[in-house]
Amino acid sequence: MKAVVMGGGIAGLLAARVLSESHEVVVLERDELTDEAEPRAGVPQGRHVHGLLVRGGELLEELFPGLREELVEAGAALADAGDMRILNPQGWFARTPIGLPLLSLSRPLLETRIRRRVTAEIRQGVHVTGLSFRDGRVDGVLTRDHGKIDADLVVDASGRSSKLPAWLADVGITVPEPEVVDSRTGYATRIYTAPEDFPVVYAESLSAPSLPRGVAAMRVEGDRLMVTAQGAAGDHPPRDLDGYQEFLDSLRVPISEMLRDAEPLTPVYLFARTASRRNAFEAIGNWPGGLVAVGDAVCAFNPVYGQGITVAAMEALLFRRHDDFSAQGCRAFQHKVAKTANGSWALSSNADRGWVEDRRRGVLGWYMKKWQVGIVHDPDLFRRFVRVVHMVASPASLFNPVVFRRLAKYSRQAPRPGRRPAGSSPQ
């Protein structure tokens, strides 16, 4: 069987990696690609901080044995996931060793090294313009310059820019309106030389509704520091250097002081296409055979939560346990994709709703506020929380009697917004 994957980003590459175990695979990528770890037009968020969750790192290592060591040799920073220096509204996380390896690196380095290891044929500079339908199934893709490319299976991994809903509508297949949660978050990123003692991960988290500004700074290859200023609810950091610096100066963490002797290496780059969007493809009764969708084409998360790569890896592995790509089989596959993304969607969209809905966030919102206190004061609660955030433990582990008893010891005592809490140094 021949599979054609639309999109040569990480979701498409991972799908191609697994499909290559049983299919002839061709990956179609619109961008012109190089073997250098450089940002490309099709991944504008690639210029900004990317979080590779621990579970995602484990899955990539399973798919590409030795990848972690290769990335470290290429300059990626390796740390314990419990060693992150993060300030939330209540104070600094209760940092403690967890024993989970956390990689800190740029998106271009990760994507380039994955692409080198994928054995599928990768065709670059290919603009897909539509799908070819025959007898109720998709039998290929239509391209601008290369005509029709036949396929027994077409995988849409074209990301946020996917045109799949429109292409399905063109042949009379009704697609439900996507569920969208838009916290109106925007980024501004600049890269610096990394100060010698700067932590691998250093951040101030956003918190609705009173703390719309934050920052994520991560050490990446080349002894560089990627600093992404973040603003929610439309309070975006600006591109001009003075405005960007003023935004950093306004934060509760002392990031400006910590960068005083760091040399800027790039201009400031902006990104604001961060709305979370979920397509209910699994609900389409007349879904065609020979077609599936994965990654951001199905469920695109606000990148601030770092979930996309890990969910894409989990979805790619679904191909190992699925070999029926009839209409019924493809719809069943979309159900599996939706189930895979559900947990991550619930966590991230609930957090973002705090910026867009003028209402109380119910029991879950109240409970997560309690966690903001617990992970500052209690190392055991911090370890549990980090394991869930990095998707190596189920969210259900946050809801049990032991946790309830520990959380009951802490009351919510938030510092006034804009005030720098005690102990603001990196420690």
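As the structure is a prediction and not an experimental result, all values here were calculated from the model.
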Undergrad: Heavy-atom distance under 4.5 Å between the side chains of V311 and M391, does that happen here?
TA: yes
Undergrad: Side chain to side chain contact (heavy atoms under 4.5 Å, CB included) between F325 and V138: does it pass, once the steps are laid out?
TA: CA-CA 10 Å; F325 295 106; V138 171; over 6 Å; no
Undergrad: Tell me, do I98 and D80 make a side-chain contact under 4.5 Å, heavy atoms counted?
TA: yes
Undergrad: Could you report the tightest heavy-atom contact between A203 and V253, atom names first, then the distance?
TA: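 Reported closest heavy-atom pair: O-CG1, 4.2 Å.
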Undergrad: Is E21 reaching over with its side chain to a backbone N or O of R320, donor-acceptor style, under 3.5 angstrom?
TA: no
Undergrad: With R184 as the cation and W355 as the aromatic partner, state whether NZ or CZ is under 6.0 Å from the six-membered ring centre and within 45° of the axis.
TA: no
Undergrad: Does the side chain of N342 pick up a donor-acceptor pair with the side chain of R278 at under 3.5 Å?
TA: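 The answer is yes; a qualifying pair exists.
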Undergrad: I'd like to know if D139 and K148 make a salt bridge, using a cut-off of under 4.0 Å between side-chain N and carboxylate O.
TA: yes
Undergrad: For V337, is there any backbone N or O sitting under 3.5 Å from a side-chain donor or acceptor partner on H335?
TA: no
Undergrad: Looking at E196, I want to see if its CD is surrounded by more than 12 non-hydrogen atoms of other residues, nucleotides or ligands under 6.0 Å.
TA: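 12 or below, so no.
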Undergrad: Can you see whether H50 engages Q45 through a side-chain donor-acceptor pair at a distance of less than 3.5 angstrom?
TA: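 Their side chains do contain a donor-acceptor pair, which is all the 3.5 Å distance test asks for.
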Undergrad: Any idea which heavy atoms bring L270 and P237 closest together, and the distance?
TA: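 Shortest heavy-atom separation between L270 and P237 comes out as CD2-O, 3.8 Å.
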Undergrad: If you measure only the distance, is there a donor-acceptor pair under 3.5 Å linking the side chains of H23 and K2?
TA: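 Short answer, no.
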Undergrad: Which heavy-atom pair separates N302 from S183 by the least distance, and what is that distance?
TA: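 Heavy atoms of N302 and S183 come nearest at ND2-OG, 3.3 Å.
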Undergrad: Check the pair L67, R117 against side chain to side chain contact (heavy atoms under 4.5 Å, CB included), reporting the backbone distance first and the verdict last.
TA: CA-CA 9 Å; L67 179 62; R117 286 169 167 251; 4.0 Å; yes
Undergrad: What's the shortest heavy-atom distance between A157 and V5, and which atoms?
TA: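 Scanning both residues completely, I find the closest heavy atoms to be CB-CG1, 4.2 Å.
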Undergrad: Is there a donor in the side chain of Q245 and an acceptor in the side chain of S256, or the other way round, less than 3.5 Å apart?
TA: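 Note: Q245 and S256 side chains meet the donor-acceptor criterion.
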Undergrad: Take F281 and V298 through the side chain to side chain contact (heavy atoms under 4.5 Å, CB included) test and state the conclusion after the steps.
TA: CA-CA 7 Å; F281 291 146; V298 180; 4.0 Å; yes
Undergrad: Please find out if less than 6.0 Å separates the ring center of Y269 from that of Y187.
TA: no
Undergrad: Do the non-hydrogen side-chain atoms of L109 and V220 ever get within less than 4.5 Å of each other?
TA: no
Undergrad: Taking S348 for the side chain and S344 for the main chain, is one N or O donor matched with an acceptor at less than 3.5 Å?
TA: yes
Undergrad: Assess whether a salt bridge exists between R68 and E62, defined as any Lys/Arg side-chain N lying under 4.0 Å from an Asp/Glu carboxylate O.
TA: no
Undergrad: Is there a side chain to side chain contact (heavy atoms under 4.5 Å, CB included) between R219 and R224? Walk through the geometry before answering.
TA: CA-CA 6 Å; R219 299 184 76 102; R224 299 174 298 162; over 6 Å; no
Undergrad: Over all heavy atoms of both residues, which pair between L206 and A232 is shortest? Give the atoms and the distance, please.
TA: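 Minimum heavy-atom separation between L206 and A232: CD1-CB, 4.0 Å.
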Undergrad: Would you call E282 and K336 a salt bridge, taking side-chain N to carboxylate O under 4.0 Å as the test?
TA: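 Salt bridge flag = no for K336 with E282.
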Undergrad: Take a 6.0 Å sphere around CZ of R30 and say whether it holds more than 12 heavy atoms from other residues, nucleotides or ligands.
TA: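 No, CZ of R30 has 12 or fewer neighbouring heavy atoms, counting only those of other groups under 6.0 Å.
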Undergrad: If we count only N and O atoms by modelled type, under 3.5 Å, do the side chains of T274 and T185 hold a donor and an acceptor together?
TA: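 Distance-only check fails for T274 and T185.
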Undergrad: Do the two ring centres, one from Y202 and one from W92, sit under 6.0 Å apart?
TA: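 Ring-ring flag for Y202/W92: true, centres closer than 6.0 Å.
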Undergrad: Using a cut-off of 6.0 Å, state whether more than 12 heavy atoms not belonging to D261 lie near its atom CG.
TA: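 Counting neighbours around CG of D261, 12 or fewer heavy atoms of other residues, nucleotides or ligands fall under 6.0 Å, so no.
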Undergrad: Identify the two heavy atoms, one from V376 and one from A94, that lie closest to each other, and give their separation to 0.1 Å.
TA: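 Here V376 and A94 meet closest at O-CB, 3.4 Å.
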Undergrad: Within the structure provided, determine whether L259 and L248 are in side-chain contact (heavy-atom separation under 4.5 Å).
TA: yes
Undergrad: Using the side-chain contact (heavy atoms from CB on, under 4.5 Å) rule, pick out the option among L103, T310, L102 that qualifies with L53.
TA: T310
Undergrad: Are side-chain heavy atoms of Q90 and W371 found at a separation under 4.5 Å?
TA: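 Q90 vs W371: side chains apart.
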Undergrad: Please examine the side chains of I284 and I173, heavy atoms only from C-beta on, and report whether any two atoms are closer than 4.5 Å.
TA: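 The answer is yes; the side chains approach within 4.5 Å.
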Undergrad: Going by an N to O cut-off under 4.0 Å, is there a salt bridge joining E29 and R40?
TA: yes
Undergrad: Using 4.0 Å as the upper bound for N to carboxylate O, is an ion pair formed by E179 and R277?
TA: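 Looking at E179 together with R277, the answer is no, because their closest N to O distance does not fall below 4.0 Å.
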